[in-house]
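Please read the structure below before turning to the comments.
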Amino acid sequence: MKDAAPGTTGETIYLADYTPFGWTVEDVHLTFRLAPESTRVISKIRFVPNPEASQERFFLHGEELTLVSAKIDGQSVSPEITEQGLTCAVPEGAFTWEAEVEIAPAKNFALEGLYMSNGMYCTQCEAEGFRKITYYPDRPDVMSVFTVRIEGDEPVKLSNGNPVASGEGFAEWHDPWPKPAYLFALVAGELVAHPDRFTTRSGKDVELNIYVRPGDEDKCAFGMEALKKSMKWDEDVYGREYDLDIFNIVAVDDFNMGAMENKGLNIFNSSCVLASPETSTDANFERIEAIIAHEYFHNWTGNRITCRDWFQLCLKEGLTVFRDASFTADMRSEPVKRISDVIDLRARQFREDNGPLAHPVRPESFQEINNFYTATVYEKGAEVIGMLKRLVGDEAYAKALDLYFDRHDGDAATIEDWLKVFEDATGRDLTQFKRWYSQAGTPRLRVSESWDDGTFTLTFRQDTPPTPGQPTKLPQVLPIAVGLIGPNGDEVQETTLLEMTEAEQSFSFSGLGARPVPSILRGFSAPVVLQHETDTETRAFLLAHDTDPYNRWEAGRSLAKQALLRMITEGAEPDPAYLGALQTVITDETLDPAFRALTLALPSEDDLAQTLHEGGITPDPQLIWEKREEMREAMARWMPDQLATLYRVHQVPGEYRPDAEPAAARALANTALGLLTRLDGGEAARAQYASADNMTQKLAALTALLSIGAAETELAAFYEQWKEDRLVIDKWFSMQVAFARPEETADVAAALVAHPDFDMKNPNRFRAVFGALSMSQAGFHAPSGKGYALLADWLIKLDALNPQTTARMCAAFQTWKRFDAGRQAMIKAELERIAAREGLSRDVSEMVTRILNH
Ligand code: BES
Ligand code: ZN
């Protein structure tokens, strides 16, 4: 099993092999002498033998470091150094390790460890980046207190914890909370602060700052409000207060992910914190609010209680996603948040679960942990917590969470610890529930109904398809929320929770006067594929009468899907029954405009392809695209007056506010605009583009024009207006690819990478083009194969600089087995071309191998 050195390409790490580190770390002192090409990092670390582990081998992680000197208890030592770290003979008892290493942040394009972005120093250490800063036991179960001294001329020098001293050319920070190295952070540069304050409920005064590059000061106010709301919400809902004197956020332009929860010093991709009405859309505002909350909430779920090892990643990520979703539901609309999350779950997690990259919420092995920050760990991980909460109830959930914080504060914990807390708090046996953490794949839930003399019976069968390494599955605990609606549209059984534990199980409702229509899986109470054969009338009935907003939306969605699938597979016309039902809903002014906007949107091309594939039909991406366009055209022609009215009635007067209510009105008006543009040749969209004072309206108009191929003038004007604003120019890049006609998508992308503003080193810019290419199903899978070849060319180029971002983008190929033999052969050839590259990163090598070995 262990035939390669730890951490090298090809070596697999197993959950079952976990052993604790032989030493605990009492404290860590770090000094940074900053210089772009030659930063010196001086470390002084106190190691104490760990009574619960063996002291056989003293190994410190370290990669891409030049060791200048090493000492143990003041005596020089000569450790044995490999590509992954060092080993050294050490004394029997406690000892002090001192080392000086040299690193080159200016040459670090992987954006992991200490690197430079626009002349500023910053770090990213999760998951295993600290080992690129100095030699250290870089594993989350080694927690310690850090004191950091930064030496350099930069006016702002930040690290974790509280500031303790500063003066000419230096600053010192001390973080009193023991933490793993992945939460370490350092920032230095010419930055300006947007300051504020927050008083915790116990009266502690906290200094807050958002640090940005000069020029971005006017884009901080929204993020700061989001931070204060998050701090308040965590006190009110989870009883958790902030625990340092200062909380800093820094915006960085070059960042692989969205943001990072470093203790007291969160670092954000500038796209996830900077906001202004002129440059950000409603969707951007909502995402910024959510991500600021997410990273802040990690202070308790992630930082105070961290993960024992990286297999437990969902312990912090699933829980924190669940918490940020609850926050957004409270700040905005609960049903709208739920519907959006399910759309996202199906698009990303179901897709992953149905292909070669499927893995459990808690994986059991990996080569590169960065490849496991996935929709499954995050989104399905959050669903599992949602199910747990439904099963035990709100009160017991709150009690269990209090116990979790009491019992594990300061720990590096496991999923077993987490579940034990729920068992102890509620008396429930969670043995079977735990399968949600170990079994990959999306359960299929088939349901049939019967009616007999006042008794209505639902019979469910669950079955999970095989996934890589898991040919057979056991039944899982499924919380199924159900309501019953009488023939007149009144609810005869309010939402009740059925707890399914068997492969097949029936539930009866008696004493009913007439056969009801069931509303099953309300609120999407379990992440399953529901297979319920119902007719168009029943779906239309639920769309009109269901009291559960989620299922009401779902009824509309399944009608749309059924109609589209008939168009694709049978050449049917757009279904008038669907169009009629849709018209009724979208013109119902008692309904939330955001809900209506979601109902008016069609299932994605990918969703349709996934459904066809599941039904044994090879999807034709071009045909799916055409039929979806045809349906949109039919929608516009069916209700032109109603759409025009919606557009007019939902214009928002006055100054732009990013709040949920005006955003909902804009969402509905702009969805209507998109359809109307098919009828008026772009007149309304051009007028909106010309008069809009905010990015939401501008972008909606521009994309409507792009989708009818009439945006040339506006696109050029947009570029001229915003060429100095990197985040807006990212939008300019991505929308051209996203809204190109499929046969042109790859050419548009190829032309854009030749544009002087294209910079492959910046992950946002790279993703703007190639993320859009891979998400445009018909464009990416165009029969020429140009999309595949272009993406592969650029993945190969980027891998030499930034393996992490490259590997994430390889997932574009994960659906390859859905398609016809010709496309499969072309994709396979591209994957093999990537795999054959000399010097391929471990990250990409693992991804490509997993996708190919399906
Ligand atoms: N801890 C992660 C950031 C991270 C992920 C660092 C992978 C290193 C490797 C952070 O808390 C996170 O989850 N960020 C998400 C956004 C969030 C709202 C789900 C991200 O960056 O996409
Ligand atoms: Zn997170």
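Both backbone and side-chain heavy atoms feed into the values below; hydrogens, waters and symmetry mates do not. First listed ligand is number 1; within each ligand, the first listed atom is number 1. Nothing here was measured: the structure is a model prediction, and the numbers come from that model.
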- Nitrogen or oxygen of A290 less than 3.5 angstrom from that of ligand 1: no
- Query: Which ligand 1 atoms does Y378 reach within 4.0 Å, using its non-hydrogen atoms?
  - Reply: 2 (C), 5 (C), 12 (C), 13 (O), 19 (C)
- Of all protein heavy atoms, the one nearest atom 16 (C) of ligand 1 is I291 CD1, 3.6 Å
- Note on the structure: Per-atom filter on ligand 1: closer than 4.0 angstrom to a heavy atom of H298 are 11 (O)
- If you count the atoms of ligand 1 from 1 in the order shown, which ones are under 4.0 Å from a heavy atom of K316? 1 (N)
- Item | Vertex the Zn ion (ligand 2), arms to H298 NE2 and H294 NE2, rounded to 10° | 90°
- Note on the structure: Exactly one candidate in L244, L183, V145 meets side-chain contact (heavy atoms from CB on, under 4.5 Å) with W177; the answer is L244
- Name the orientation class of the two ring planes belonging to Y136 and F130 (parallel below 30°, tilted from 30 to 60°, perpendicular beyond 60°). perpendicular
- Note on the structure: heavy-atom search around atom 3 (C) of ligand 1 in the protein gives A259 O, 3.1 Å
- Main-chain N/O of V336 paired with S340 side-chain donor or acceptor, under 3.5 Å: yes
- Message: Does the plane of the ring in F405 sit parallel, tilted or perpendicular to the ring in W300? Use 30° and 60° as the thresholds.
- Response: perpendicular
- Task: Note the single closest protein heavy atom to atom 7 (C) of ligand 1, along with its residue, its atom name and the distance in Å.
- Result: Y373 CD2, 3.1 Å
- By atom name, which N, O or S atom of E317 is the nearest to the Zn ion (ligand 2)? OE1
- Which heavy atom of the protein is the closest neighbour of atom 4 (C) of ligand 1, given with residue, atom name and distance? E126 OE1, 3.7 Å
- Message: Treating E352 as the side-chain partner and T376 as the backbone partner, does any N or O pair qualify as donor plus acceptor under 3.5 Å?
- Response: yes
- So, is E261 placed with an N/O/S atom under 2.8 Å from the Zn ion (ligand 2), counting both backbone and side chain? no
- So do the side chains of L60 and P137 get within less than 4.5 Å of each other, counting heavy atoms only? yes
- Task: Kindly assign one of parallel, tilted or perpendicular to the pair F184 and F32, based on the angle between their ring planes and the thresholds 30° and 60°.
- Result: parallel
- Note on the structure: Counting from 1 in the order shown, the ligand 1 atoms closer than 4.0 Å to a non-hydrogen atom of Q124 are 6 (C), 8 (C)
- Item | Contacting atoms of ligand 1, where contact means under 4.0 angstrom from a heavy atom of G258 | 20 (C), 21 (O), 22 (O)
- Query: Thinking salt bridges, do R407 and D402 make one under a 4.0 Å N-O criterion?
  - Reply: no
- Specify the protein heavy atom at minimum distance from atom 11 (O) of ligand 1: its residue, its atom name, and the distance to 0.1 Å. E295 OE1, 2.7 Å
- Measure from the side-chain N and O atoms of D411 to the backbone N and O of I305, and report whether any donor-acceptor pair falls under 3.5 Å. no
- Message: Using a 4.0 Å cutoff against the non-hydrogen atoms of M260, which atoms of ligand 1 qualify?
- Response: 1 (N), 3 (C), 6 (C)
- Message: Any donor-acceptor pair under 3.5 Å linking the side-chain atoms of N256 with those of T805?
- Response: yes
- Item | Close-contact set for ligand 1 against E261 heavy atoms, below 4.0 Å | 1 (N), 2 (C), 10 (C), 11 (O)
